[in-house]
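The block underneath contains the structure these notes are about, expressed in structure tokens.
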There are 2 protein chains.
Amino acid sequence: MANDLMLSGVSEISLDDKGRLGLPARHRQTLRDNGDKGIVITKSIFDACLWIYPASVWVGVSRSLGGLPSNDPFNRSMQRIMMGGAVELDLDGQGRILVPAPLREFAGIRRGAVLLGLNRKFELWSAEAYAAREQEDLKMLREGAGSMGSGAAGLVL
Amino acid sequence: MANDLMLSGVSEISLDDKGRLGLPARHRQTLRDNGDKGIVITKSIFDACLWIYPASVWVGVSRSLGGLPSNDPFNRSMQRIMMGGAVELDLDGQGRILVPAPLREFAGIRRGAVLLGLNRKFELWSAEAYAAREQEDLKMLREGAGSMGSGAAGLVL
DNA sequence: CACTTTTACCCACTATCGCCCACAAGTCTA
DNA sequence: TAGACTTGTGGGCGATAGTGGGTAAAAGTG
């Protein structure tokens, strides 16, 4: 069941010269268990990184996106970036995907990359961008812990 | 029952060259009694240390994290650090776990480490970082006892 | 229609991880 | 006090995951 997916974990991955990215074995396993054969890769609307969805999750996401009223410019921007950037891909025999050049460029990914499991999707960062992002995240968390965002203040970690 | 867990105590542990960490026997026993076979290790959002959750506790934490609205940057940072960092591991035959290299690096752990039981989870520190942290903790407590943090003022210790 | 570029599939190598065995030191018991 | 057991640590080895490269088909372009 797609809603039970719990993707997580950092992986340092290197793309080869052809732009292929090998999905870590544990994630391949998770996707298989979930009945997913394909994945959808698209642009993040928040950061210079890519979002990678299991195909079964993407259908729900794209449905929600498509259902947004398009009189709102923000919605139109979101649709253009996410729907427009979305490419459906299958894994090759070695469990790899070819990340399309425009998307690689969008995220500044050359060779070193970092793949983050985030519940229902993955985020793919260039190694450099991720290192910077991690520092920013930590800074924000450590400075702003007293004024936590919506819903987060009551979390018991 | 996961909510009854009462992990406590400090242990000085040394990781071997492969990055393996042997969980102290008394904690292994506690986890067994609790019906936990796996553990989840992730990054702390507050300090340069790692959080180690029994798998049964983690499911609740990750569900809470995943449910946070992602339009808030603070939430996204939290999700990226905690969900993104989270790796599920099983103990090997000797009751050890292999701490993934990116996480070891995050916490600056090389060989000497300190494991703290904190109710529902563990904190894993590098020996040096923990020594420094302990000094800071004591300093803060002695100087700031009059202005205790949220909820602590009324504590009967 | 021919040529160039890209992509998909196959094979192959190497570093790493997971599992097993082994030992040393400390602790409890008889 | 001595022996047996438990616990913490080290290391070897086989399986496999991660990466690189070649080749043939397909698609795009002039």
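In what follows, chains are A, B, ... by sequence order, proteins preceding strands, each numbered from 1.
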Rounded to whole Å, CD of A/Gln29 lies from P of C/dC17 at a distance of 19 Å
Could you tell me how far apart B/Asp90 (CG) and C/dC20 (P) are, to the nearest whole angstrom?
13 Å
Without decimals, in angstroms, what is the distance between B/Leu103 CG and C/dC17 C1'?
16 Å
Check B/Arg111 with B/Asp17, please: is the shortest side-chain N to carboxylate O separation under 4.0 Å?
yes
Check the orientation of B/Tyr53 and B/Trp58. Use parallel for under 30°, tilted for 30 to 60°, and perpendicular for over 60°.
tilted
Whole angstrom is fine here: how far is it from CG in A/Leu91 over to P in C/dC9?
11 Å
Charged N to carboxylate O under 4.0 angstrom, B/Arg133 versus B/Asp47?
yes
Can you give one letter per nucleotide of nucleotides 6-18 of chain D, going 5' to 3': B for a protein heavy atom under 4.0 Å from the base, S for sugar-phosphate only, - for none?
-SSBBBB----SS
For B/Lys43, is there an ion pair with A/Glu134 - N to carboxylate O distance below 4.0 angstrom?
yes
Less than 3.5 Å apart, any donor N or O on the side chain of B/Gln29 or B/Arg32 sitting next to an acceptor on the other?
yes
Give every donor-acceptor pair under 3.5 Å between a side-chain atom in residues 99-110 of chain A and any protein atom, sequence neighbours left out.
{"from": "A/Arg104", "atom 1": "NE", "to": "A/Val99", "atom 2": "O", "distance (Å)": "2.9"}
{"from": "A/Arg104", "atom 1": "NH2", "to": "A/Val99", "atom 2": "O", "distance (Å)": "3.3"}

Between C1' of D/dA25 and CG of A/Leu98, the distance in whole Å
16 Å
